[in-house]
Visitor: 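My structure is below; once you've seen it, I'll send some questions.
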Amino acid sequence: GAVVSQHPSWVICKSGTSVKIECRSLDFQATTMFWYRQFPKQSLMLMATSNEGSKATYEQGVEKDKFLINHASLTLSTLTVTSAHPEDSSFYICSARSPDRGFRMVIYYGYTFGSGTRLTVV
Amino acid sequence: AQSVTQPDIHITVSEGASLELRCNYSYGATPYLFWYVQSPGQGLQLLLKYFSGDTLVQGIKGFEAEFKRSQSSFNLRKPSVHWSDAAEYFCAVVLHGSGNTGKLIFGQGTTLQVKP
C-alpha cells in the first residue's frame, strides 16, 4: 500500500531560526500533498495544498512567508517554518493523495498520512 | 458551507461493549467520506472509506461504517471494543469543485476511552 515518510519526527529549535520538514511518498508519485497543523487535543487544520511544479495554495489565515512549501518532485514536499516563534510549536502532519480506484470514468483518491513532526520552539 | 461534524467529543465504553461514533456531513454532492484513527503523537491510519456503491463499508480492525444519505451521516461502528481501540477518531470528507483540489477536511474528532 501507499506509504508516506515524514522527517524529522520531532525537532527542537531556537526562536528566530528556520526548520524544514520533509514529506516523501515512498512507493507512489504524489502530484498533490497537503500540510496540516494539529494543536493538542484538537483536530487537524489544513494549512496548504502542495502541487508538484507549482506554487502551493494556502488556506485563509496561514502566513505564506512563514510557512514555505516546496513540492519540487513527484515524491517530495517540504514545509519550512521560517523565523520560528514559540507559538509555532505544534504537531505538523503531511498527507499525500494517490489514485485509489476508478469507476465509471471517475478516479477516486486515497489520502495517506505521514507520522507527523512535533515542533518545539524555545 | 461544506463541513463534517462529530457531535461527541469524548466517549467512554467498557471493553467488549459495542461502539458507535457519529459523523454528520454537510455537502451538496455525493461525499467521499473517510474514518481515520490516531494514537497519541502519531499520524493517522485509515480505517475505512466510502466513495460509492454499497453503503455499508467494512474496514480494518473490525470496524464498519454506514453511509446514510437521508440522514447525512457516516457513523462508525464496532460490535466489541478492545482496550487497544482507545484513541482519537476522525471523520473526514473530501471537498470537490472549483478551487478545492480534493482537499480532505476533518471533523473535530472523538476521543474514545475504553474501561476495563
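Heavy atoms only: backbone and side chains are in, while hydrogens, waters and symmetry mates are out. Throughout, a chain's letter reflects where its sequence line sits, starting with A, and its residues are numbered from 1. Treat the numbers as computed from the prediction; the structure is a model and nothing was measured.
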Visitor: How about residues 59-83 of chain A versus chain B: which residues have heavy atoms under 4.5 Å apart?
Guide: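 Residues of residues 59-83 of chain A touching chain B at under 4.5 Å: A/Glu59.
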Visitor: Between B/Tyr36 and A/Tyr111, is the ring centroid distance below 6.0 Å?
Guide: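 No; A/Tyr111 has its ring centre 6.0 Å or more from that of B/Tyr36.
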Visitor: How long is the gap from OG on A/Ser43 to CD on B/Glu88, to the nearest 0.5 Å?
Guide: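 Atom-to-atom, A/Ser43:OG and B/Glu88:CD are 8.0 Å apart.
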Visitor: Can you run down the ring pair (Phe, Tyr, Trp, His ring centres under 6.0 Å) pairs that involve residues 38-65 of chain B, sequence neighbours left out, and say none if there aren't any?
Guide: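 Listed once each, the pairs are A/Tyr108-B/Phe51, B/Tyr32-B/Phe51, B/Phe34-B/Phe51, B/Tyr50-B/Phe67, B/Phe63-B/Tyr89.
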Visitor: Could you look at B/Leu46 and say if it's the side chain, the backbone, both or neither that has a heavy atom under 4.5 Å from chain A?
Guide: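 The answer is neither part of B/Leu46.
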Visitor: Can you pull out every salt bridge (charged side-chain N to carboxylate O under 4.0 Å, His left out) where at least one residue sits in residues 24-33 of chain A? Sequence neighbours excluded, please.
Guide: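 Non-adjacent pairs meeting salt bridge (charged side-chain N to carboxylate O under 4.0 Å, His left out): A/Glu22-A/Arg24.
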Visitor: Could you walk me through whether B/Lys103 and A/Thr57 pass the side-chain contact (heavy atoms from CB on, under 4.5 Å) check?
Guide: CA-CA 11 Å; B/Lys103 296 188 291 189; A/Thr57 304; over 6 Å; no
Visitor: Please report the C-alpha distance between B/Phe90 and A/Leu44 in whole Å, then the side-chain angles of each, then the deciding distance to 0.1 Å, and finally whether the side-chain contact (heavy atoms from CB on, under 4.5 Å) criterion is met.
Guide: CA-CA 9 Å; B/Phe90 292 99; A/Leu44 286 77; 4.1 Å; yes
Visitor: To the nearest 0.5 Å, what is the distance between CG (B/Leu44) and OH (A/Tyr36)?
Guide: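 So the CG of B/Leu44 and the OH of A/Tyr36 are separated by 9.0 Å.
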Visitor: Could you check A/Phe91 against B/Gln42 for side-chain contact (heavy atoms from CB on, under 4.5 Å), going step by step and ending with a plain yes or no?
Guide: CA-CA 9 Å; A/Phe91 193 58; B/Gln42 300 296 314; 6.0 Å; no
Visitor: Hey, does A/Leu46 have a side-chain heavy atom less than 4.5 Å from the side chain of B/Phe106?
Guide: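 When only atoms from C-beta onward are counted, A/Leu46 and B/Phe106 do not touch, as no gap falls below 4.5 Å.
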Visitor: Applying side-chain contact (heavy atoms from CB on, under 4.5 Å) to A/Gln38 and B/Gln38, what does each step give before you reach the verdict?
Guide: CA-CA 12 Å; A/Gln38 185 180 31; B/Gln38 183 183 34; 2.9 Å; yes
Visitor: Could you see if A/Met47 belongs to whatever hydrophobic cluster contains A/Phe34? Use Ile, Leu, Val, Met, Phe, Trp, Tyr and a side-chain cutoff under 4.5 Å.
Guide: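 In one cluster with A/Met47: A/Phe34, no.
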Visitor: If the contact rule is any heavy atom under 4.5 Å from chain B, which residues of residues 112-122 of chain A qualify, in numerical order?
Guide: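 At a heavy-atom separation under 4.5 Å, chain B is reached by A/Phe113, A/Gly114, A/Ser115.
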Visitor: As an exercise, state the distance from CG of B/Leu104 to CZ of A/Arg97, rounded to the nearest 0.5 Å.
Guide: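 Taking CG in B/Leu104 and CZ in A/Arg97, the distance rounds to 10.5 Å.
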